[in-house]
Every structure is written in structure tokens, then in C-alpha cells.
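What follows is a single structure, written as C-alpha cells, with notes after it.
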There are 2 protein chains.
Amino acid sequence: MRKHVLLYGLLGGVLIAGLKLIEYRWLVVEHSIEIYGGLVAAIFAALGIWLGLKLTRPRETVVVREVMVPAPAEFVRDDQKVESLGLTPRELEILELIAAGMSNRDIAERAHVSENTVKTHSSRVFAKLGARRRTQAVQLGKAFRLIP
Amino acid sequence: MRKHVLLYGLLGGVLIAGLKLIEYRWLVVEHSIEIYGGLVAAIFAALGIWLGLKLTRPRETVVVREVMVPAPAEFVRDDQKVESLGLTPRELEILELIAAGMSNRDIAERAHVSENTVKTHSSRVFAKLGARRRTQAVQLGKAFRLIP
DNA sequence: GCCGAAATCATCCCTTCGGGTGACGCGCGG
DNA sequence: CCGCGCGTCACCCGAAGGGATGATTTCGGC
């Protein structure tokens with residue numbers, strides 16, 4: 001920065017000296033003052049522009065734009081809904097297995113209980129959800145955010 | 001931009017006229033030419049700097065930062081998957097209704113066809129999806145992004 | 001005009017589901 | 001200690017679902 005200012009002043013001095021020399025060499029011409037002023041103005045204006053550019057070159061404004069990106073939005077169980085429906089953990093578990101597309105027999109094996117027990121649980125789930133079919137139970141379970 | 005240039009020239013003219021006036025009023029002082037040049041240089045340099053700043057004002061770096069925000073991510077059917085599975089529009093429609101938790105009878109009424117037809121369609125859907133139960137068909141349908 | 005895909009409906013048969021009911025054991029809290 | 005909620009299991013029965021197969025119609029393409 002200091003370098004720039006020094007260079008600036010130096011150039012100014014040289015210019016003035018040069019102009020003066022020219023003036024003395026070719027005598028005073030009419031309107032020389034205007035030409036002189038115009039030259040000085042033009043040159044210094046150019047210098048000013050250059051200096052201004054130099055000064056503001058590294059000045060950058062960072063604009064942060066947040067973009068909505070579709071995120072999986074991981075599942076969070078609505079425990080309040082579970083509470084209000086009076087669903088027991090076991091029933092919720094059976095509902096999840098039903099939603100996974102398993103038959104009562106499959107669920108019985110998975111949960112290490114008898115098929116009858118699974119039927120009892122699922123019946124209770126249907127009753128509490130107000131569903132008549134397992135597919136409906138699944139649909140309601142997802143709507144109530146009880147299962148992913 | 002044109003406005004700036006005009007203003008620039010106008011100011012220059014006014015300045016020269018003003019200086020000339022001063023020069024005539026107080027007579028010619030020794031070194032007046034240097035003072036005059038210096039003044040013109042200083043003012044036009046300032047103008048140049050200002051212009052330079054103006055020119056480079058809109059230099060901004062836009063940084064786009066993608067932020068994971070839970071978004072619904074609306075459903076888009078995987079038509080390619082539909083194609084590869086050979087699912088017909090009607091079958092897809094029946095699959096959607098199954099996913100809505102409806103019974104074959106409900107679907108028959110909704111689609112204005114007989115229950116037998118619904119059963120035929122659903123059977124084909126199951127075959128194409130590799131499902132044995134409607135709940136499984138729903139689960140697979142969602143996994144394959146065939147239904148919302 | 002014939003062919004094939006899609007949609008429609010049907011019939012038989014078996015499996016799975018769902019409702020209803022009853023019962024037993026366990027653990028917790030009044 | 002007794003009741004209650006929860007989980008477990010059982011049996012019956014009707015409804016719904018699902019597999020297999022065949023038939024008809026409609027529509028677009030070759």
C-alpha cells in the first residue's frame with residue numbers, strides 16, 4: 001500500500017516536470033493550461049481507477065445460500081400416540097413385523113411365540129388402531145408414526 | 001456507467017472553469033501551474049478511485065452450502081422399475097389401493113370391477129413383485145418406489 | 001384381419017386372517 | 001394379598017386372501 005502511494009506521488013512529480021519542460025521548450029501555446037489540466041486529469045483519473053481496483057481486488061463478499069436437500073428424515077416414534085392408543089411394546093413389535101410383510105406364522109417364529117399368540121396381539125393392535133385388515137393397520141401405523 | 005462518465009466530464013469542466021476564474025481574479029501567482037496541476041491531479045485521482053470502487057462493487061463470491069434439512073421429498077414413481085417388472089397401469093392402481101389398506105371387495109367397488117378381477121390383478125402383482133401376501137406386496141412396492 | 005397384451009370375470013380349492021372367547025402365569029402397586 | 005396389565009396359548013368359525021386355470025373382450029400394431 002505504501003509502495004502504491006509512493007509510486008503515485010513519484011509519477012505525479014515526473015509528469016509535472018515533464019509538462020513543464022515541454023512548456024518551456026515549445027513556448028506557451030494558447031489553451032495550454034486546459035490541455036495540461038486535461039492531461040493531468042486523464043492520467044490521474046486512470047491512476048485512480050487502477051488504484052481503486054487494486055485496493056478492492058481482494059474484497060469479496062461471501063454469500064451463504066442454504067439449499068433444501070431432501071433428507072431421509074429418520075424415523076422418530078410418536079410415543080405420545082403410542083401412549084394415547086394404549087399400545088404395549090409387544091403389540092408395537094408385532095405391528096412392525098406385520099408391516100414388514102410377514103405372515104402370522106413367520107412372526108410367530110421370529111418372536112419365538114405361538115401363532116395363536118401372534119393372532120391375539122395382532123387382534124388387539126387392530127382393535128386399538130381401528131383397523132380391520134393388517135394392511136390397514138400398517139397404513140394407519142405409518143400415518144400415526146408408530147412404525148417407520 | 002454512462003452517467004458516471006458524464007458526471008466525470010462535467011465535474012472536470014466545472015473544475016477547470018472554477019480554477020480559471022480564480023486565476024483571473026487573484027492574478028497569476030508564481031507556481032500556479034503546479035498548484036493547478038496538483039489540484040486537478042488530486043481531485044481526478046479521488047474520482048478515479050471512487051469510480052474504481054464503483055466498478056468493482058458487485059464482486060461477490062457466492063458460496064452455496066447445502067444443508068441437510070428434513071424435507072418431505074415428494075414421491076416420484078420409479079417408472080423404470082415398473083417397466084422392468086412388467087407391471088400394467090391397472091395392476092399398479094390395484095397395488096396402490098391395497099397399500100391404502102383396502103380389502104379386495106372395497107377395491108372392487110372403488111375400481112368398478114368384480115372382486116374376482118381384483119383378485120386376478122392382485123395375484124399378478126404378487127407374482128411380479130415376488131410377494132406372497134398383500135402386506136409384503138405393499139412393503140416391496142414402497143421399497144421399489146412404485147407407490148408412495 | 002390376425003396376434004398379442006391388457007383387462008375382465010369365473011370356478012375350485014386351500015391357506016391365512018380376524019373375531020370371539022376362555023384361560024394361565026408373572027410382576028407391580030394399592 | 002389381590003387386582004390389573006401384560007404376555008402367553010388354545011379352540012372354533014366365518015371371512016378374506018391367494019393359487020391355478022380358463023374364458024371373453026377390447027384395442028393397438030403388423
Side-chain angles (χ1 to χ4, degrees), chain A residues 77-144 146-147, chain B residues 77-144 146-147:
Chain A
R77 169 161 295 130
D78 187 349
D79 291 314
Q80 201 172 345
K81 194 73 187 174
V82 173
E83 190 76 16
S84 68
L85 289 174
L87 282 169
T88 70
R90 199 56 162 165
E91 287 162 358
L92 215 47
E93 187 184 340
I94 266 65
L95 178 57
E96 282 179 11
L97 296 175
I98 288 176
M102 301 174 74
S103 70
N104 286 340
R105 184 168 300 168
D106 295 337
I107 296 171
E109 284 183 22
R110 170 72 71 88
H112 307 106
V113 293
S114 82
E115 196 176 335
N116 285 313
T117 303
V118 174
K119 289 182 64 177
T120 304
H121 282 314
S122 57
S123 281
R124 286 204 232 280
V125 170
F126 298 158
K128 288 174 181 176
L129 287 183
R132 299 197 141 273
R133 286 164 293 283
R134 47 180 50 222
T135 44
Q136 196 179 3
V138 170
Q139 187 256 317
L140 290 171
K142 286 180 186 288
F144 292 158
L146 306 175
I147 49 178
Chain B
R77 169 162 294 131
D78 188 349
D79 291 312
Q80 201 172 346
K81 194 73 187 177
V82 173
E83 190 76 16
S84 69
L85 289 174
L87 283 169
T88 69
R90 198 59 163 162
E91 286 163 0
L92 256 178
E93 187 185 339
I94 266 66
L95 178 57
E96 281 179 11
L97 296 175
I98 287 176
M102 300 175 76
S103 70
N104 286 340
R105 183 167 302 167
D106 295 338
I107 296 171
E109 284 183 23
R110 170 71 72 89
H112 308 107
V113 293
S114 81
E115 196 176 335
N116 284 314
T117 304
V118 174
K119 287 181 67 175
T120 305
H121 283 314
S122 58
S123 281
R124 286 203 232 279
V125 170
F126 298 158
K128 289 172 180 176
L129 287 182
R132 301 198 138 274
R133 287 162 292 284
R134 44 178 54 221
T135 44
Q136 196 179 2
V138 170
Q139 187 255 317
L140 290 171
K142 286 178 185 287
F144 291 157
L146 307 176
I147 49 177

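By convention in this document, chain letters (A, B, ...) are assigned in the order of the sequence lines, proteins followed by strands, and residues within each chain are numbered from 1.
Taking every heavy atom of residues 124-133 of chain B and every atom of DNA chain D, pairs under 4.0 Å involve Phe126(B), Arg132(B), Arg133(B), by number.
Side chain of Asn116(B), nearest nucleotide from dC17(C), dT11(C), dA10(D): dT11(C). Out of dG19(C), dT16(C), dT8(C), the shortest distance to the side chain of Arg90(B) is found at dT8(C). Comparing dG17(D), dA7(C), dG19(C) by their nearest atom to the side chain of Ser123(A) picks out dG19(C).
In the helix from dG1(C)-dC30(D) to dG30(C)-dC1(D), the terminal helix axes, each the rotation mapping four pairs' C1' atoms onto the next four within five end pairs, subtend 40°, rounded to 10°.
The side chain to side chain contact (heavy atoms under 4.5 Å, CB included) test with Phe126(B) is passed by exactly one of His121(B), Arg132(B), Glu91(B), Arg134(B): Arg134(B). Screening Thr135(A), Asn104(A), Asp106(A) for a side chain to side chain donor-acceptor pair (under 3.5 Å) with Arg133(B), the sole residue that qualifies is Asp106(A).
With hydrogens and angles disregarded, no donor-acceptor distance shorter than 3.5 Å links the side chain of Lys81(A) to the backbone of Leu146(A).
Counting any heavy atom pair closer than 4.0 Å across all strands shown, Thr117(A) reaches a base atom. Among the atoms of the strands shown, only primed sugar atoms or phosphate atoms (P, OP1, OP2) are found under 4.0 Å from some heavy atom of Asn104(B).
Judged by distance alone with a 3.5 Å cut-off, a donor-acceptor contact links the side chain of Thr120(A) to the base of dC9(D). Remark: the Ser122(A) side chain and the dC17(C) base include no donor-acceptor N/O pair separated by less than 3.5 Å.
Side-chain contact between Arg124(B) and Thr88(B) is absent, with no heavy-atom pair separated by less than 4.5 Å.
For the pair Gln136(B) CD and dG18(D) P, the computed distance is 10 Å after rounding to whole Å.
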